[in-house]
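Residue numbers start from 1 in every chain, and the chains themselves are labelled A, B, ... in the order their sequence lines are given, proteins ahead of strands.
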Amino acid sequence: MIRHDPLAVRVAAIEPLSATLKRLTLESADGGALPIGSAGAHVSLILEGGDRPFRNAYSLVSMPGERGCYELIVRRTAGSRGGSAFIHERLGEGSVIGATVPHNLFPIQRHARKHLLIGGGIGITPLLSYLPALRQGGERLELHQISARDEVPLFENLLAPHAAHDVHVHAGRGALDLSALLARQPLGTHVYVCGPAALMDHVEAAAAALGWPASRVHRENFGAAGGDPFTLRLARSGREIAVGPDQSMLDALEAAGVPVPSLCRGGACGECLTKVTGGVPEHRDHYLTDLEKAEGALVMPCVSRAKNDLLVLDL
Amino acid sequence: MNDQGIKSRPAYAPLARDPVGRTHLLVADSMAIPHAAFAPGTSLGDYDECWTVEGHSRAIPSAMPDARMHGFRSASHLLIALRRRLAMEYMGFRLYAIGTEAFLWDVAAAAEAAGMGKEEYALFHAGSGARRVLCVHCRTLNQGVTTNLVACGGCGAALFVRDHFSRRLNAYMGVQVDAEMPGERPDVEEIYR
Ligand code: FES
C-alpha cells in the first residue's frame, strides 16, 4: 500500500478560463520544492474547508518535471456540491490546502512508435502535460480534442502553445470519425483517451473491433459519475451512511470520518478495494475481473455504486 | 545427454488466424508447409497473403510483392521485403511465421522493430531442428548445429549446447563442456535434427 503524508500547498494564482473552468497554480506552503510529477500524473486535493472534507483527483497540466508549482484545471460540474464547487466558490489566492504527492496511472508508453491522443472536454488535462514531454523527445504524435461547439476557442487557446499540423480541435463528437482515425494508425501506435466514459468506451470498442490489442489502448478514469442515492451500512459498527446522487461511496465514507485508502479515485488502481457482505454492487471500475464483479463480494467505492437501496460493507 | 534442467526453449502452438485482426500475412521459410502448422479446422486459405522461400534462382526478386502467394529466392530476400512491408502497415495487421527457429526469431525481431507486440504475431516451428549456437566464450555464432557437443568455429572450444535460447540474440547458448570438471565429456550425439 502506498501512502504519503499530504503536502501543504498554497494557492498562488487562480485564473478563470471560462464560466466553468479555472486554472489553479499551487506552490509548496513552506516555499520549498515540490515532488516531481511525470507527464500524465495527478494529485488529489484535500479540501477541509467545507462541512465535510473532499478529495478530488486532478491531472497536472504544468510542465512535467516542474518543481516550483503545480498547475491544474478544475471544471465546476453542474449541480456539484462537492470539491469542484468548493474550489470555484470558496478557494481564494493564498488559501492553504492539502494535496497528495503526484501519482501517475496514465503514463506515456515509452515503446510506442506513435502516440495518438484523444481528449474529450476537460479530459484534455493529462494530454496537456503529454505534449511538451512528447515534443521534447521528438516523438511522433497526433492529438484530437473533442469539444462542445462553444468551447472550441477555449481549447484552442489551451493548445495554442503546442499548435501544429498534428493537433486538432473538433466541435462535437460527430465531427471526428473515430473508427477511420484508428484504422489509419501505423503499427506500433498507442492510443490514450481521457474524457467522458462514453467517449472512452467508444474508443476502446472501436479499437478492439479494428484489431488493436488491448495493451495499446490507455484510458484515464477520472471523476465518478453519480447515480441514484443509496445507503451504506458498515457491518462492524452497524453505522449507516447516506450516499448522495452526486457523491461517490468513497466521498461519503470519508465525509463520515471512515478512512479508506485511495489513489486514483477512478476505479483503476485497486487501492480502495473493499469487501461487500450484503447487497449488490453496481460495478463501474476497471480493476476487478468480470468474475469478481459477478460474484459481488468486492467493490471499488471510488466509482461503483449499489444496485438497490442498501449496500453492506465489511468496514 | 541434453540439458533437461534448463527450460527456456520457446514453445510453439499451431497457428490460427486471429479473428480480430484485419490483414493477415503468413511467411514461411519453405514451400513445404506441414498441416500440423495449422490448428484443427484451419488452413493456409485463411490468410490474406502467403510468402514462402523457394530457395531457387528462378524466383523473381521483388521488394513489394502484390500477389496473394509469393515465392522468394531466400529467407534474406523475404525478410527485407517484410521489413519494408511492416513499415507501411496499419494497426490491426497480423503476422504469422512458420519455419526453423532462426527464421522465426528473425521474423519476430522484424515485427518488434516495427512496433508490433506479442499479441500481433505468432510463430510455429517446422523443418530442421538444427540450432544456431552462440559461443559464450568468443561470441561466434555457429550455424546449423545438430549435435549436443560442437567445436566452436571461432575459438575451437568444445561447446555443450544448452537448452537456453536467447530471443534477443536468436541463438542457443554454447558453453565449454568440461568447464567445471576438466576432461569429463559426454558422448557426442546427434539430437537436434
Ligand atoms: S482509488 Fe483507485 S480503484 Fe479506487
Side-chain angles (χ1 to χ4, degrees), chain A residues 106-118 127 130 133-134 137-144 166 168 176-194 199-219 286 289-290, chain B residues 13 15-27 39 42 45-51 63-66 78-97 104-123 166-168:
Chain A
F106 193 55
I108 290 176
Q109 303 294 315
R110 287 290 161 198
H111 296 294
R113 293 296 186 287
K114 178 180 174 182
H115 308 265
L116 175 64
L117 317 179
I118 302 174
L127 306 178
Y130 268 48
L134 291 173
E139 300 276 331
R140 192 167 167 200
L141 69 89
E142 183 174 345
L143 180 141
H144 294 269
D166 49 14
H168 313 267
L176 175 63
D177 183 342
L178 281 167
S179 287
L181 175 69
L182 290 162
R184 63 168 186 260
Q185 296 306 315
L187 280 180
T189 304
H190 283 244
V191 60
Y192 311 77
V193 55
C194 184
L199 170 69
M200 297 197 290
D201 290 346
H202 184 107
V203 168
E204 220 167 53
L210 289 164
W212 286 58
S215 61
R216 305 306 175 78
V217 183
H218 312 277
R219 55 190 282 168
H286 299 270
T289 63
D290 289 345
Chain B
L15 304 178
R17 197 181 84 132
D18 181 352
V20 299
R22 280 189 295 155
T23 312
H24 305 265
L25 170 63
L26 180 76
V27 297
T42 74
D46 297 343
Y47 300 84
D48 299 319
E49 287 164 86
C50 175
W51 294 1
M64 207 47 67
D66 47 9
L78 187 154
L79 287 163
I80 291 166
L82 179 62
R83 287 189 200 101
R84 294 181 57 139
R85 172 68 181 270
L86 295 181
M88 298 167 28
E89 267 302 338
Y90 298 98
M91 291 298 288
F93 179 79
R94 293 291 184 275
L95 179 63
Y96 310 81
L104 296 183
W105 293 96
D106 281 342
V107 170
E112 300 268 351
M116 298 178 80
K118 304 241 173 310
E119 312 96 320
E120 295 165 288
Y121 66 87
L123 311 174
S166 160
R167 289 162 201 233
R168 191 174 60 81

* Gap between atom CE of B:Met91 and atom CG of A:Leu182 - 0.5 Å precision -> 9.0 Å
* Check ring-ring contact (aromatic ring centres under 6.0 Å, His included) between A:His202 and all other residues, then give those that pass, not counting sequence neighbours. => none
Candidate polar pairs, chain A side and chain B side, donor-acceptor under 3.5 Å:
from     : atom 1 : to       : atom 2 : distance (Å)
A:Arg113 : NE     : B:Ala113 : O      : 3.4
A:Arg113 : NH2    : B:Glu112 : O      : 3.0
A:Arg113 : NH2    : B:Ala113 : O      : 2.9
A:Ala183 : O      : B:Arg22  : NH2    : 3.2
A:Gln185 : O      : B:Met91  : N      : 2.7
A:Leu187 : N      : B:Glu89  : O      : 3.2
A:Leu210 : O      : B:Arg22  : NE     : 3.2
A:Gly211 : N      : B:Val20  : O      : 3.4
A:Gly211 : O      : B:Arg94  : NH1    : 3.1
A:Gly211 : O      : B:Arg94  : NH2    : 2.7
A:Ser215 : OG     : B:Glu119 : OE2    : 2.6
A:Arg216 : NH1    : B:Gly115 : O      : 3.4
A:Arg216 : NH2    : B:Gly115 : O      : 3.4
A:Arg216 : NH2    : B:Glu120 : OE1    : 2.7

* B:Met116 versus B:Leu86, closest heavy-atom pair with distance -> SD-CD2, 4.0 Å
* Between CG of A:Leu134 and CD1 of A:Ile108, what distance do you get to the nearest 0.5 Å? -> 4.0 Å
* Structure fact -> Separation between CG (A:Leu117) and CG (A:Leu141), nearest 0.5 Å, reads 6.0 Å
* **Winner by heavy-atom pair count (cut-off under 4.5 Å) against chain B, out of A:Ala207, A:Gly211, A:Ala209** => A:Gly211
* Asked: Which bit of A:Ala208 comes within less than 4.5 Å of chain B, counting heavy atoms only: side chain, backbone, both or neither?
  -> backbone
* Structure fact -> Value for CG (B:Leu82) from CG (B:Leu78), rounded to nearest 0.5 Å, stands at 6.5 Å
* Asked: Atom CG of A:Leu178 and atom CD1 of A:Ile118: how far apart are they, to the nearest 0.5 Å?
  -> 5.5 Å
* Structure fact -> One option among B:Gly92, B:Ala111, B:Pro19, B:Gly21 has the most heavy-atom pairs under 4.5 Å with chain A, and it is B:Gly92
